[in-house]
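One structure is given here, and the rest of the page talks about it.
All ligand and atom numbering here is 1-based and tracks the order in the structure.
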Amino acid sequence: MPVVTTRTRGRFAPSPSGPLHFGSLIAAVGSYLQAKTASTNPDAQGQWLVRIEDIDTPRTVPGAASDILRTLEQFGLYWDGTEVYQSQRLDFYQHYFDQLQQQGLLYACQCNRARISQLGGIYDGFCAQHAHISSTEPVAWRLKAQHVATSFYDGVYGDVQISPELAHEDYVIKRRDGLFAYQWVVVLDDFEQQITEVVRGADLLTMTPRQQALFAQLGAPAPSYAHLPLAVTAPGQKLSKQNHATDIRLWPKSQSLVAALTLLGHTPPLAMQQEECSVILQWALAHWQLNKVPKLLEVTAPEFG
Ligand SMILES: [Zn+2]
């Protein structure tokens, strides 16, 4: 009989468009704790991988990736294996792109932003029916939606319903500028890296059914999904990497880690809050439960410094 391993594997996947901010720290901590504790096999501790999501090269800031990695280490968040860079995996993505194209599941689209915003931001499939592509204009490639569910189970929010229009949208997997779309390559990466626990910010909640459908297309089981509250500076105000106040490189490390854990529903005991990050993380590993994470879409980030 083959040995069946039940090792769990999670990942943290920052985009290197600036230094790690507090919202990313929440995702790093949550994904780390879930990856390390979700395993039911006492002989195989879970693994936590780091993947640098630098597929969107125009937004990549030189030096940001190594800066993010050093910051993770300062928080005691050490990853398993070597970090992976999406920018070094283009052949792998192209292979699956070609496969979808051969299967007749892609179509070219030249609709502009103005037309799509008139549609309320959700594409209507127009170019699948009306192929009049100009050879002098660049095209985006869209994937025909197939068997996409309109609900899914989330480890934090429970049963989540998605609007059928959004779930069944034919979305772009290769952009007009020739770059593969993040929404698509992230699934190929999770598939290839055999990720079992996807823990990330709630801004990606509604993208989950289309990503699960891609796993079905790849003939693989989808991982478990859990989404964490997004850190904001004020209601509706996203943290900005340009905002100096959110640059956690300048923040006291233990206090920042305690703040992240507190927003995730896991406040360390007062006596432990001045300890080093490694001690605080050990406590968190012993106490982590996804169902203690508040079912909030947004939480207000603290201010230090
Ligand atoms: Zn179109």
Legend entry - F191 side chain near L214 side chain, heavy-atom distance below 4.5 Å: no
Inset, instruction - Determine which pairs satisfy salt bridge (charged side-chain N to carboxylate O under 4.0 Å, His left out) with at least one residue from residues 65-77, sequence neighbours left out, and list them in order. - result: D67-R249, R70-E73
Legend entry - Side-chain donor-acceptor contact under 3.5 Å, Q193 with R11: no
Inset, instruction - Output, by chain and residue number, all protein N/O/S atoms separated from the Zn ion (ligand 1) by less than 2.8 Å. - result: C109 SG, C111 SG, Y123 OH, C127 SG
Inset, instruction - Give me the ring orientation class for F180 and W184: parallel if the planes are under 30° apart, tilted from 30 to 60°, perpendicular past 60°. - result: tilted
Legend entry - Geometric cation-pi criterion R115 and F126, 6.0 Å radius, 45° cone: yes
Legend entry - Test item: Q45 and K36 side chains (from C-beta on) under 4.5 Å apart, heavy atoms: yes
